[in-house]
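Following: one structure in structure tokens, then a few remarks.
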Amino acid sequence: MADAENPGARHRRHSRQAMPLPDCVALVLQGGGALGSFQAGVYEALSDADVVVDWIAGISIGAVNAAIIAGNPPERRVERLRAFWDTITAGLPSFPIPQDDRVREAVHEWSAMAVMAQGVPGFFKPRMWPPFLAAPGSCGAMSFYDTEPLRATLDALIDWDLLNDGPVRISVGAVEIQSGNFAYFDNRLGCRLDARHIMASGALPPGLPPVDIDGRLYWDGGLVSNTPLTHVLEHQAAPMLVFQCDLFAANADPPKTMMDVMAREKEIRYSSRTRQVSAEAVRRRKVRDAIRRVLDKLPADMADDADVAALSSYATEHPLSLVQLINRANAWEGGSRDYEFSQRTMREHWQSGRTAIAETMAQSRVLAQNIVDGRTAAFDLAPRRHSH
């Protein structure tokens, strides 16, 4: 999908592969719990390629990864991402198992049940008493797990002053419970972020408790939208290259078992919104391009007409290259894949993120030409694989 957009867009930087980079490079991170190590692998590979990220936006686990990246100097970001993922998978260390899909699926589901029983180190732990025994209105009455361990982990890994005042723009999304409205916490829009904002973005009910920020309670942003792409595009002010990490694939083989059904339902529920946002963004740009072509045909003496000026303002657009990086599930990953926090699976997802960037860079010529030409287009340059 591509439309002509402002030919000759600026590209003042280059990656190590000599790919031109526009004024702004953004990394958009979807929610998906344990699948989030895919995003860490993506960032590590981008860093290795000298692709400097100017803006990082995240939902849920994407917000956690975003905060760790924005809240550390470039030379420490991958180290701190590894520290986080090693910490939260320490409860389920790797041990040798046969490379058989049925065995892997059994181990995968056992690991997920272990998480439900014991929680995740440095992330959340089971409450001592069930919710119905807690005082109404308390966090204990509204969740099965306590996320105070996550607060301590975030504070240990993130320099909040650097996150708020440093060179990387960060935006994280959450849902205000009373109104049901979506909210973005953005360090370039007058908000100073701390652990509360990151925890709010990932406060998925009923497992995790809501987070109080200035007297308002917030839940996981994925309840409304599992991608922060809309926020990024609404505030785009320059030619932009966006790497969008989707942790749930929209396309997959039909289910054959009940576990497949659970997995596919979750993929459709979370990936469809991302796909709709991406498609709508490119559609709007096509409409605006058509408006500009019509305006160019109008007589010069109509330029001062109020309606023409308003339409011209609406049609103003900056070029966008949108690269979709999709985590495609393995055959043995079922409906519990987003809360299976084992070290083995974490490392495999991390490597999958690195591979997605490698496959994208291997075909970067078409992406580079799009940036040079100042066009708008969406790309999925990594080869598709069968998932179920």
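All values reported here derive from a predicted model rather than from experimental measurement.
Distance alone, capped at 3.5 Å, is enough to place a donor-acceptor pair between the Asn164 side chain and the Leu193 backbone. Proximity of a side-chain donor or acceptor of Asn65 to a complementary backbone N or O of Gly36 within less than 3.5 Å is detected. No donor-acceptor distance shorter than 3.5 angstrom exists from the side chain of Ser342 to the backbone of Ser111, with no hydrogens or angles considered. Put simply, the side chain of Ser313 never gets that close to the backbone of Ala309: no donor and acceptor are under 3.5 Å apart. For Arg80 (side chain) and Leu157 (main-chain N/O), a donor-acceptor pair under 3.5 Å exists by modelled atom type. The backbone N or O of Glu348 sits nowhere less than 3.5 Å from a side-chain atom of Gln351 that would complete a donor-acceptor pair. When atom types are taken as modelled, the side chain of Thr153 and the backbone of Pro149 share a donor-acceptor pair closer than 3.5 angstrom. Not a single donor-acceptor pair under 3.5 Å links the side chain of Arg354 to the backbone N or O of Gly41.
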### Message
One pair to check against ring-ring contact (aromatic ring centres under 6.0 Å, His included): His197 and Phe185. What are the steps and the verdict?
### Response
CA-CA 7 Å; His197 302 88; Phe185 305 113; 4.7 Å; yes

### Task
Could you check Phe341 against Tyr339 for ring-ring contact (aromatic ring centres under 6.0 Å, His included), going step by step and ending with a plain yes or no?
CA-CA 6 Å; Phe341 288 87; Tyr339 58 92; 8.2 Å; no

### Task
Go through Thr227 and Gln30 one step at a time and tell me if the side chain to side chain donor-acceptor pair (under 3.5 Å) criterion holds.
CA-CA 5 Å; Thr227 176; Gln30 187 189 56; over 6 Å; no

### Task
Start with the C-alpha gap between Asp380 and Gln324, add the side-chain angles, then the distance that decides, and say whether side chain to side chain donor-acceptor pair (under 3.5 Å) holds.
CA-CA 5 Å; Asp380 179 1; Gln324 296 173 310; over 6 Å; no

### Leu223/Phe182 under side chain to side chain contact (heavy atoms under 4.5 Å, CB included): CA gap, chis, key distance, verdict
CA-CA 9 Å; Leu223 295 175; Phe182 202 89; over 6 Å; no

### Pair Leu208-Ser143, side chain to side chain contact (heavy atoms under 4.5 Å, CB included): steps then yes or no
CA-CA 5 Å; Leu208 307 185; Ser143 62; 5.6 Å; no

### Message
Apply side chain to side chain contact (heavy atoms under 4.5 Å, CB included) to residues Asp220 and Ile59 and explain how you reach the verdict.
### Response
CA-CA 8 Å; Asp220 191 304; Ile59 300 289; 4.1 Å; yes

### Verdict with reasoning, Glu340 to His108, per side chain to side chain donor-acceptor pair (under 3.5 Å)
CA-CA 7 Å; Glu340 196 269 81; His108 179 77; 2.7 Å; yes

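A salt bridge links Lys266 with Asp338: the distance from a Lys NZ or Arg NE/NH1/NH2 to an Asp or Glu carboxylate oxygen falls below 4.0 Å. Ion pairing of Arg102 with Glu105 is absent here, as no side-chain N (NZ or NE/NH1/NH2) approaches a carboxylate O to less than 4.0 Å.
Under a hydrophobic-cluster definition in which Ile, Leu, Val, Met, Phe, Trp and Tyr are linked whenever side-chain heavy atoms come within less than 4.5 Å, directly or via other members, Ile291 and Leu298 are assigned to the same cluster. Connection of Tyr145 to Trp129 is not established within any shared hydrophobic cluster, with ILVMFWY side chains joined at heavy-atom distances below 4.5 Å, either directly or through further cluster members. Using a 4.5 Å cut-off between side-chain heavy atoms of Ile, Leu, Val, Met, Phe, Trp and Tyr, with links allowed through other members, Leu162 and Ile170 fall into different hydrophobic clusters. Residues Val366 and Met361 share a single hydrophobic cluster, defined by chaining ILVMFWY side chains whose heavy atoms lie under 4.5 Å apart. Residues Val103 and Met113 do not share a hydrophobic cluster, defined by chaining ILVMFWY side chains whose heavy atoms lie under 4.5 Å apart.
The side-chain contact (heavy atoms from CB on, under 4.5 Å) test with Cys245 is passed by exactly one of Asn327, Leu325, Ile326, Val28: Leu325. Between Leu35 and the options Thr345, Asp246, Leu247, a side-chain contact (heavy atoms from CB on, under 4.5 Å) holds for only Leu247.
When every heavy atom of Leu81 is checked against every heavy atom of Ile69, the shortest pair comes out as CD1-CG1, 4.0 Å. Closest non-hydrogen pair, Ile213 versus Tyr218, comes out as CB-CE1, 3.8 Å. Between Gly140 and Ala134, the shortest heavy-atom contact is C-CB, 3.5 Å. Across all non-hydrogen atoms, the minimal contact from Ala238 to Asp23 is CB-CB, 3.8 Å.
Shown here is Lys125, whose NZ atom has no more than 12 heavy atoms of other residues, nucleotides or ligands within 6.0 Å. Heavy atoms from other residues, nucleotides or ligands lying under 6.0 Å from CZ of Phe144 number 12 at most.
Both the sub-6.0 Å distance and the 45° axial angle are not jointly satisfied by Arg347 relative to the ring of Trp85.
Of the N and O atoms on the side chains of Trp332 and Asp100, not one donor lies less than 3.5 Å from an acceptor on the other residue.
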